[in-house]
Amino acid sequence: MDNFTFYAPTYFVFGKDQEDEAGKYVKRFGGTRVLIHYGGGSVVRSGLLDRVKASLDKEGLWHTELGGVKPNPRSGLVYEGIELCRKEKVDFVLAVGGGSTIDSSKAIAAGTIYDGDFWDFYQGKFVEKALPIGTILTIAAAGSEGSPDSVITNENGMFKRGATGEGFRPTFSILDPALTQTLPPYQTACGITDIMAHLLERYLTNTKEVEVTDRLIEGLLLTMIHEGPRVIADPDNYEARANIMWAGMMAHNNSCGVGRSQDWSSHNIEHELSAVYDCAHGAGLAVVFPAVMEYVYTHDVMRFAQLAVRVWGCSMDFADPEKTALEGIRRFRAFLVSIGMPQNFAELGADAKDIPAMAKCAVWGDGRSGHIGGFIQLSEEDIVKIYRSMV
Ligand code: NZQ
Ligand code: ZN
């Protein structure tokens, strides 16, 4: 196992109706003037926004609001949010929504107290400080409620980049599984796929002897394989939603990723797709991840065979472990299809003519220098081949 430090100070509040206590937690973490940030309207329609405002009012907290975060959140609204926070002397950002809303909130929280352009953070500058952020999560997917990361689409060119730093860990996150019951099945499945992808990015490691994190990842993947189909069949299944919601947090706050190298090439290859075609991040990953696995598995056949046996229930073919490794990838793909995820470029609305430009963008600029990936280094040429295998 590699050396590591791990500091994940988010205070989690889990369970039914806990969002009605939002004001209490904002106060506990020092907020007095609050920006409530939200998306395209699901929290207005469900009545959640009104409940959150009532909870802030109950604690006597001043608040203003900014809605309109789009999935694959855009830089333009971040600039607007920063201006608003400075004008109103906001000292706490409360995200009510999914990963896109939380990521936009993080960008606003860091940008408000930074002298330069907030995009500097998305070009590799570490986020040490931001206004305190609280989250009320409405979809189990991105894991931003516990992660030190944020992903924003730059509208000046439509490309996506991530920023990271301890300043981005939310001070508190409220996770009420019941809030996710209004999700359409497709969006639920996108979330399930993203959670599995966060686990698999960490599973693709070159670090030896990482049994504890391997087993945590495998356990969470098995949970998703069990609960995913249950929640697709019965969207009101609170217990299945609860397990998925906590798995989504565990998958990405890095408790499963410490002490080991990680890959992240699938995420970077996907981010080009969701930036250019505005598809859901999870749907893009459903197409990208199996394709990347098929491209890289020969680098460590036994790691893929282990995954196939422990997670996908394959029998180990000792004479031909490659067969076992490939069967695991086949079962992963079949699982994604069974929950309604796309399989190829056409189903994503992507066009093969954009492949050269996307491959270039994935490896150059904003702190990148020709390669991505921690499992094996992928070049622009490799990425072109991977994209072509999805057409
Ligand atoms: O905008 P509203 O109207 O709220 O609708 C949203 C949106 O259309 C809807 N939705 C959310 N909760 C709902 C609901 N609809 C009905 N009922 C509910 N309870 O779902 C749609 C998708 O929301 P979004 O926030 O975009 O989803 P998700 O959480 O999957 O976030 C995706 C973003 O996170 C980034 C992705 O790149 C993408 O931009 N990621 C962020 C990470 C991080 N910060 O650590 C890591 C991830 O790997 C990922 O890259
Ligand atoms: Zn993701």
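Both counts, for ligands and for their atoms, begin at 1 and track the order of listing.
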- request: Among all protein heavy atoms, pick the one closest to atom 28 (P) of ligand 1 and tell me residue, atom and distance.
  value: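 For atom 28 (P) of ligand 1, the nearest protein heavy atom comes out as G99 N, 3.7 Å.
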field: Shortest reach to atom 11 (C) of ligand 1 by a heavy atom, considering only L137, T138, L285
entry: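 When every heavy atom of L137, T138, L285 is considered, T138 comes closest to atom 11 (C) of ligand 1.
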query: Would one find an N or O of W264, backbone or side chain, under 3.5 Å from an N or O of ligand 1?
result: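 It does not: no N or O of W264 is found under 3.5 Å from an N or O of ligand 1.
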task: Using only heavy-atom distances, determine whether the side chains of Y122 and D117 contain a donor-acceptor pair under 3.5 Å.
output: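 The answer is no; no qualifying pair exists.
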query: Under 3.5 Å between some N or O of ligand 1 and some N or O of T101?
result: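 Between T101 and ligand 1, no N or O pair is found under 3.5 Å apart.
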- prompt: Hey, is P71 touching ligand 1 through its side chain, its backbone, both or neither, going by heavy atoms under 4.0 Å?
  reply: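 Both of them.
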- prompt: By atom name, which N, O or S atom belonging to D194 lies closest to the Zn ion (ligand 2)?
  reply: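 This residue's closest N, O or S atom turns out to be OD1.
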- request: Could you tell me whether D103 approaches ligand 1 through its side chain, its backbone, both or neither, with non-hydrogen atoms closer than 4.0 Å?
  value: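 Looking at D103 and ligand 1, just side chain atoms fall under 4.0 Å.
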field: ligand 1 versus V43: contacting region, heavy-atom distance under 4.0 Å
entry: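 It is neither; nothing of V43 touches ligand 1.
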query: Taking atom 48 (O) of ligand 1 as the point of reference, which of H252, E270, H198 owns the nearest heavy atom?
result: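 Result: the heavy atom closest to atom 48 (O) of ligand 1 is in H198.
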query: Who gets closest to atom 43 (C) of ligand 1 by heavy atom: A280, S147, G162?
result: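 Result: the heavy atom closest to atom 43 (C) of ligand 1 is in S147.
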- request: Would you check if there is a donor-acceptor pair between the side chains of N254 and R202 at a distance under 3.5 Å?
  value: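 The answer is yes; a qualifying pair exists.
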field: E166 and Y7 side chains, donor-acceptor separation under 3.5 Å
entry: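 No, E166 and Y7 have no side-chain donor paired with an acceptor closer than 3.5 Å.
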- prompt: Would you call the rings of F159 and W119 parallel, tilted or perpendicular if under 30° counts as parallel and over 60° as perpendicular?
  reply: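 Rings of F159 and W119: perpendicular, as their planes differ by over 60°.
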field: Residue pair D149 / T164, side-chain donor-acceptor N/O under 3.5 Å
entry: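 Result is yes, a qualifying pair exists.
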- prompt: For atom 20 (O) of ligand 1, which protein heavy atom lies nearest, and how many Å away is it?
  reply: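 So the nearest neighbour among protein heavy atoms is Q187 CG, 3.4 Å.
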- prompt: How close does the nearest protein non-hydrogen atom get to atom 30 (O) of ligand 1, and which residue and atom is it?
  reply: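 For this ligand atom, the closest protein heavy atom is A141 CB, 3.5 Å.
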- request: Looking only at protein heavy atoms, identify the closest one to atom 4 (O) of ligand 1 and say how far it is in Å.
  value: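 Result: S42 OG, 2.7 Å.
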task: Identify whether the distance between the nearest side-chain nitrogen and carboxylate oxygen of K87 and E83 falls below 4.0 Å.
output: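 Result for this pair is no, no salt bridge flagged.
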- request: Ignoring angles and geometry beyond distance, decide whether H267 reaches within less than 3.5 Å of ligand 1 through its nitrogen or oxygen atoms.
  value: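 There is such a contact, yes.
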- request: Just need the protein heavy atom nearest to atom 32 (C) of ligand 1, so name the residue and atom and give the distance.
  value: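 Of every protein heavy atom, S100 OG, 3.7 Å lies nearest to atom 32 (C) of ligand 1.
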message: Regarding ligand 1, does P73 bring an N or O atom to under 3.5 Å of one of the ligand's N or O atoms?
response: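 No, there is no polar N/O contact under 3.5 Å.
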- prompt: Of all N, O or S atoms in H198, which has the smallest distance to the Zn ion (ligand 2)?
  reply: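 Atom name of the closest N, O or S in H198: NE2.
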- prompt: So which of E201, K160, H281 gets nearest to atom 39 (O) of ligand 1, if we judge by its closest heavy atom?
  reply: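 Of the listed residues, K160 has the closest heavy atom.
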query: Does any N or O atom in G40 lie less than 3.5 angstrom from one in ligand 1, N or O only?
result: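 N/O-N/O distance below 3.5 Å exists for this pair.
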field: Which of the ligand 1 atoms, numbered from 1, are nearer than 4.0 Å to a heavy atom of S150
entry: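 Those qualifying, in numeric order: 44 (N).
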